[in-house]
Amino acid sequence: MAKTNVAVAPGPLTSTSVALEDGKFSTVPVREEDIGAELLPILSKGLYTDPMHSLREYVQNSVDAGATQVTIKITGNSVVVHDNGRGMNQAELIDARRFGVSGKNMLEHVGFRGIGIYSGFDLCNRLLITTKQAGETHSYVMEFDFGKMKTQLVADSKAGAQRTPLIKLLAAHSRFSQEPAAKAAHATTLQLEHISDFHIAQLRDRKRLKAYILRNLPIDFDERFEHRDAIVARLKDEVPGYKAIKVILESDTEPREVVTRPAIPRLDAPRMNAIKNEAGDTIAFYWACLHKAGDDGKRGKIPETFASYRGFVYKVKGFTIGNNTKLQGIFKTGGAALYQWYTGEIYVTDPTVIPNTERDDFETNRAYESLQSHVHITLKDLQKKASKYQSEERALELFKKHEARLAEIARGIRAGSVPLVEAFSELDNISEELTRQRGSLPTGKRDWAKAVLKAVDDLRTKVRKKIEDQPKEDAKKKAGRSRAAETETKDDAEGEDKDKENKQWEPLTIAQLIDDAGVLLEEDALRVLSIVDAALAGVLLDGSETHQAVLAEIEEGLAAEFAS
Amino acid sequence: MSPLSHRDFESSDEKALVRTKWDRPILEALKEKSKQPLTYFGLPGPAIQDILDWRDLLGIVTGVERLRKPAADREEDLERHRRLLNNVMTNDIQQFQLLRGEIEDVILQGLDQDNEAPRLHRGSTRSGMSFGYSLVNLDFLGGIGYRAKKGASAEQSKRGRSLKKLFERQQGTEFVLLATFNVRDRVGEELRAYIQSTRERVDEPLRPTLDWYGKRGPAEKIYILKVVVPLFIQHTAEENMFSSHAYPPVAYGGTGTATLVHFAFRLTPQDGDLQAFSQQSAADLIGLPLVCTENCVLRVANQQHPGFDCHGCESVLAFLPSDLRAEMITHAKGLASGTSL
């Protein structure tokens with residue numbers, strides 16, 4: 001059995017400071033001076049390399065305090081973070097100073113490591129927290145003089161200097177006070193004072209700051225977002241500890257701005273569901289909205305203005321892990337196109353899936369692998385839904401296009417400006433295409449599509465009948481013209497013998513016209529041509545005006561083509 | 001020697017009365033004319049009471065708080081900054097900028113200790129920079145002047161210089177200037193000398209009145225301030241192409257035993273290069289009534305200069321709401337009939 005709490009003589013350790021026993025283990029107390037103040041800058045500089053990380057830590061605390069609104073104000077070389085959370089009483093404020101100790105619950109709260117309050121150590125020279133809890137008659141104030149702490153550490157680093165223990169450093173340079181305040185009020189104001197020019201310049205970059213906030217903090221949806229209530233209600237039910245806040249940015253040089261996730265317009269109602277593992281346990285919860293095609297003609301893609309919201313992101317307690325390109329590769333068919341039709345989030349609820357320190361990915365473990373595989377299935381299913389939407393859109397467009405074309409063809413036929421054979425061919429193709437696409441249409445459009453298809457088929461039938469009836473029509477016309485010619489001949493019989501001679505038909509064939517044009521054809525071709533000649537003479541009546549007109553046309557064409 | 005303590009100037013009921021009943025109608029009139037929120041530059045103090053009382057009239061606010069070097073003073077000032085910013089955030093005062101340093105230095109240099117410029121500024125050079133605030137609130141927490149070094153002969157009062165520079169920087173912008181001075185100051189005889197030189201330049205009928213003011217003793221310093229400040233401001237304003245309209249000065253107790261005189265001016269830019277001209281004459285300025293607070297009520301003070309005509313109060317108090325104006329005039333006439341004026 002180990003002996004516990006062996007006494008340690010005060011002062012620097014020697015080989016006899018601790019009374020150990022041969023062969024027996026003893027516990028030796030850790031003394032105040034065993035934990036050096038240097039730990040503070042090591043952690044602060046190591047974990048919080050970007051001033052925005054410090055802001056994130058303080059806003060995390062606001063979220064954990066139940067705040068729904070946080071204002072971040074930059075004035076001069078100070079940053080002020082003010083929230084409407086529940087505030088702290090005296091005991092809680094003093095406890096907040098503890099190093100590496102936190103009363104927060106890992107499952108419920110975002111911050112739980114007990115060091116976030118020191119994240120501003122490298123950033124500023126003075127940290128002030130003024131906090132008021134409802135029901136308390138006073139506000140309580142805590143001041144950290146980080147500037148003096150840093151001065152002490154510099155002094156300690158000189159050769160031969162005695163190192164200040166962490167406990168002494170914190171005790172010497174932190175103070176508390178109180179002031180009367182309205183009983184019902186509750187809020188916390190945190191002030192980081194005397195920030196360097198370099199860091200202030202970074203924080204003043206409004207665009208960068210806003211992008212960081214949207215990416216890294218649990219920002220609420222804009223109230224105008226159509227599906228906000230539905231999504232938030234489900235998230236509150238399904239995601240333990242879900243919280244979202246409104247962040248207001250203020251500075252000396254730019255107008256006040258409320259940071260919310262934007263109200264992306266024209267989104268379908270969200271699809272929402274839990275993602276479960278093989279055991280049936282919920283490991284994540286997602287929501288996803290498809291973007292409806294807009295008046296700009298783009299089909300389904302989230303508009304460029306909201307490009308950073310295309311696709312999906314992982315969230316852990318409202319904080320984004322990685323970015324929206326992480327899951328893009330799952331949408332393989334159609335490439336990234338259909339991925340960009342969606343906006344959505346995947347809230348990881350499995351506590352064993354742990355974000356890495358940089359928050360750009362997760363720590364590799366079985367739980368994460370399982371999550372990935374189930375997310376893959378979910379996103380593939382969403383991709384199929386998007387594809388179906390895409391097919392419906394295509395089919396609808398096609399039907400609309402052909403409906404309009406049908407009207408044009410009908411007009412053309414009535415006016416006699418569209419050749420019947422061409423019209424028939426086109427209508428045939430349209431009918432075939434529409435028949436193929438009909439099954440892709442949304443259910444609500446099927447009756448309309450059926451009517452369009454019927455109209456196409458009806459017109460096609462009419463055109464075919466017209467084509468079939470065309471020779472009889474021509475014959476009737478010819479017969480009418482012949483009777484008129486006979487009458488004319490009787491009336492002009494005596495003076496027109498010579499004219500009649502001139503008008504006598506000299507039978508011609510296509511073969512002769514080709515020969516006259518100097519074109520040499522093989523025997524088989526000539527035989528084909530004689531069949532065509534006979535058909536023409538038979539159908540158009542040998543020597544009729546139409547027959548002559550056709551031959552004249554051919555003659556002209558040959559002359560143009562084979563003119564030497 | 002450091003300027004007077006801020007403790008003399010913390011919020012009091014009388015100060016609140018002046019802000020809400022006296023200053024507010026003046027500010028409302030300017031806002032009504034400009035059709036946009038007033039922009040504030042000045043000394044709000046940690047409690048930001050003036051900002052809170054006028055918040056419906058205000059847009060951008062630039063508040064100045066000093067930050068002294070000696071350790072004990074610095075700690076006190078930092079605590080003021082903390083309280084001020086906490087009050088700004090708790091009361092959701094939007095568009096607030098905090099500048100650190102003496103306000104005189106900010107006006108003279110165009111920058112605060114951290115090299116930050118007032119939010120509403122044009123130009124970048126220290127000398128050429130202009131401001132564009134519609135309300136300048138200078139609760140100077142001390143006398144109208146103090147010298148950088150005690151007994152320095154040629155050193156012009158920094159406060160006086162900053163007042164002049166203020167007009168230069170505000171050129172072209174119509175604004176209301178509010179200023180409150182403590183009767184304790186170190187420019188001493190300079191104020192009497194100012195009265196004397198004014199006496200030599202005014203018409204004969206005014207001279208006895210100025211003589212009366214010049215003879216006021218230390219216990220009646222408020223009268224010296226009452227007559228000098230409007231004349232000084234008008235003169236400085238006109239040199240910088242502003243016409244100046246002075247409202248009657250208001251004397252009140254503040255906190256502790258300090259006695260304060262509050263002044264309000266409406267400065268209107270005029271075209272031209274040489275000098276502007278104000279509608280109020282020297283006689284008008286000298287003849288303004290001294291107003292005071294009495295049991296949290298605004299009153300025409302019992303004691304005025306000889307020959308004071310309370311019938312003139314009707315026009316000089318025309319900016320006040322009718323009920324308050326009527327009450328003050330009735331009281332003033334009552335005093336006149338009792339011959340205590």
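Each chain gets a letter, A, B and so on, in the order the sequences are listed, and its residues count up from 1. Just the heavy atoms: all of them, side chains too, but no hydrogens, waters or symmetry mates, feed the values below. Just so it is clear, the model here is predicted, and its values are computed rather than measured.
Summarising the geometry, atom CG belonging to A/Asn77 is positioned 10.0 Å from atom CD belonging to B/Gln113; distances are rounded to the nearest 0.5 Å. The CG atom of A/Asp252 sits 8.5 Å away from the CG atom of B/Leu98 when rounded to the nearest 0.5 Å. With rounding to the nearest 0.5 Å, the separation of CE in B/Met89 from CD1 in A/Ile248 is 8.5 Å.
At a 4.5 Å heavy-atom cutoff, the contact between B/Asp114 and chain A is made by side-chain atoms alone. Both the backbone and the side chain of B/Leu78 come within contact range of chain A, each with at least one heavy atom under 4.5 Å from a heavy atom of that chain. When heavy atoms are compared at a cutoff of 4.5 Å, B/Glu116 approaches chain A solely by way of its side chain, counted from C-beta outward. Residue A/Thr253 touches chain B through its backbone alone, counting heavy-atom pairs closer than 4.5 Å.
Remark: B/Phe265 engages no residue in a ring pair (Phe, Tyr, Trp, His ring centres under 6.0 Å) (not counting sequence neighbours).
Within residues 171-189 of chain A, the residues having any heavy atom under 4.5 Å from a heavy atom of chain B are, by residue number, A/Arg175, A/Glu179, A/Thr189. Residues of residues 130-152 of chain A lying under 4.5 angstrom from chain B, judged on non-hydrogen atoms, are A/Thr130, A/Val141 by number. Residue-level contacts of residues 191-204 of chain A with chain B, in order of numbering, are A/Gln191, A/Glu193, A/His194, A/Arg204; threshold 4.5 Å between heavy atoms.
Remark: side-chain polar atoms of A/Lys73 are not paired, donor with acceptor, to backbone N or O of B/Gln94 under 3.5 angstrom. A donor-acceptor pair under 3.5 Å is formed between the side chain of B/Arg119 and the backbone N or O of A/Ser251.
Put simply, the side chain of B/Asn86 does not reach to within 4.5 Å of the side chain of A/Val80, judged on heavy atoms. Put simply, the side chain of B/Val88 does not reach to within 4.5 Å of the side chain of A/His82, judged on heavy atoms.
For B/Gln171, the CD atom is densely surrounded, since the number of other residues' heavy atoms within 6.0 Å is greater than 12. Heavy atoms from other residues, nucleotides or ligands lying under 6.0 Å from NZ of A/Lys210 number 12 at most.
Between chain A and the options B/Asp112, B/Asn115, B/Asp92, heavy-atom pairs under 4.5 Å are most frequent for B/Asp92.
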